[in-house]
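All remarks here apply to the structure that follows.
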Amino acid sequence: MLAGVAAGLAEHLRVDVRVVRLVFVLLALAGGSGLVAYAAFWVVVPVQPGGPRSAGDSRRELIALASLVALGLGLALALQGLGLGLSASLTAPVLLAGTGVALLWRQADDSQRERLLQSASAMTSRPSRLLRTVAGVVLVVLGGVLLVATRTRLADLRDALVAATVVLVGLALITGPFVLRLVRELGVERAERIRVQERAEIAAHLHDSVLHTLALIQRNCESPREVARLARAQERELRAWLYRPDAGSETTLSGALGGLVGQVEDAHGVSVELVCVGDAPLDERVGTLLQAAREALVNAATHARGPISVYAEVEPGGVTVFVRDRGPGFDLGLVPPDRMGVRGSILGRMRRNGGAAALRSDSETGTEVELSMPFGGREQA
Amino acid sequence: MTPATVGHGDGGVPGVVIVDDHVMFRAGVRAELGERVVVLGEACDVDSAVRVIEAPRPDVVLLDVHLPGGGGREVLRRVGAELPQVRFLALSVSDAAEDVIGVIRAGARGYVTKTITGDDLADAVRRIADGDAVFSPRLAGFVLDAFAGSVVPGDIAEDLDRLSQREREVMRLIARGYAYKEVAKQLFISVKTVETHVSAVLRKLQLSNRHELARWASDRRLL
């Protein structure tokens, strides 16, 4: 509840967390050793990343803070009751300083946790961390001053404060350069480490992809078709890696078409020029369109020579895809009726799903398949 | 469709400068173009490009989009305005909208990818030398995307921010992989008319100051 010590111990010892808490409370009541043990565990035991405390929402923080305050109050009251307590004039300063210390130490605890998790929220919570540090320091200093003030006269206090300030400033002057250098070196080292990691990642990727492809190209150098295919596939892969780190999410028409084109290029060793204007999310109808486009593309790749063009346009009314090749062309009327490729997979499929397909072909300009699918408005055919 | 004989090349062959930071690529382009152009010089970065272009005054500069020293855009900025008779054809591997639109708006008259075949490149160079524009299917796609939803009926739209119906049809056919000749045949117009439409679109792309164009390009930066 406070710092997760009980929970951590419970997990480690594989017993119910309530049992551990009960033991702590009993020990605390019987002479306070429970409190000491708790504090010791808190400082010494490392925070488990992603552990039960990692759900650091602000409500939990508040509960922890409240229990901390309650604990402090309880401790003070208990000591008071036992008679060896502090006088009333001492209680306030001690409480103040205690709260400050608690704030600062929890701060260290938190920052350790955040560094372990390296979460993005560590960045966003920086102002609040600064605020807590300042508040903690102010509270501790205030508590200390009050403590001294209750015991001494004002003049003595002033002298003492001056002396203390001088010592503090001196300490700061002496240790300042060391601390600064330490911080700077830490920053440089961290930047260096990030660079090295980045480099290693790039090297690993290039090794896995580009170097392997280059080796394959050297081994296949007598087959221009294979070389072109390898180079094309590698280009596509590298482009995706460089410019689209989130690739692989084929949830839109253009993404899915890109994947489709890649597959056909790989399987048939052709080059396809893809141009997409606008984009649309994938749904059942767009999926149908893609299947028909795939069929048209495979046809083009098997029968045609030279480059293939795929053009997809999304308009408010629907999607249109053109697949064009520069092959010898053919006459649909001459294709025997039992050949299902074009009729079934392209024309029929589009018509059944409320779209339309048209085919233009002549020996001069090649073949172009036009597929259109309107949005909404089902069963139009 | 005989190319107008312009510039330095002997016998109507266009004089060309190749600007690219990859030696292998320059050598490849030079070999592919062969006798169809006269290569007047090569350059590998912005500064040397400016020098080489200012001295022999080529008809066409093949300009890599990504160059050390500021890229193709910087070359255009430094010499494009002074030497209006020199025309630029952008070559790139990137295909990113921002690069393509950027270099066109800086003054290039065409854009093709580096995977273009030698024949197509020679054709593009000749077209640029004649003062026409060269649109790859991808560039046509970018135009359609950037000017989406703002089409006016008719052949010619005076409005710089919008495409005419005809211009849009031409762009669509180019995006579908049609050559200019095929576009002309499809639309029952002459190749010259197709060229006129493409040049008009190029002008709109270069001069339109509608802010959507810039925003569209930067939104589409990753491709």
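Values below: every heavy atom of this structure, side chains too, minus hydrogens, waters and symmetry copies. Below, chain A is the first sequence line, B the second, and so on; all start at residue 1.
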Within 6.0 angstrom of A:Glu201 CD, more than 12 heavy atoms from elsewhere: no
Approximate separation, where rounding is to 0.5 Å, of A:Glu368 CD and B:Gln186 CD: 7.0 Å
CZ on B:Arg172 to OH on A:Tyr311, rounded to 0.5 Å: 5.5 Å
A:Glu315 bridged to B:Arg168 by N-O distance under 4.0 Å: yes
Ring-face cation contact, B:Tyr178 with A:Arg324, 6.0 Å cut, 45° max: yes
Exam field: side chain B:Arg176 to backbone A:Val321, donor-acceptor pair closer than 3.5 Å: no
For B:Gly177 against A:Ser309, the heavy-atom pair lying closest together: CA-OG, 3.4 Å
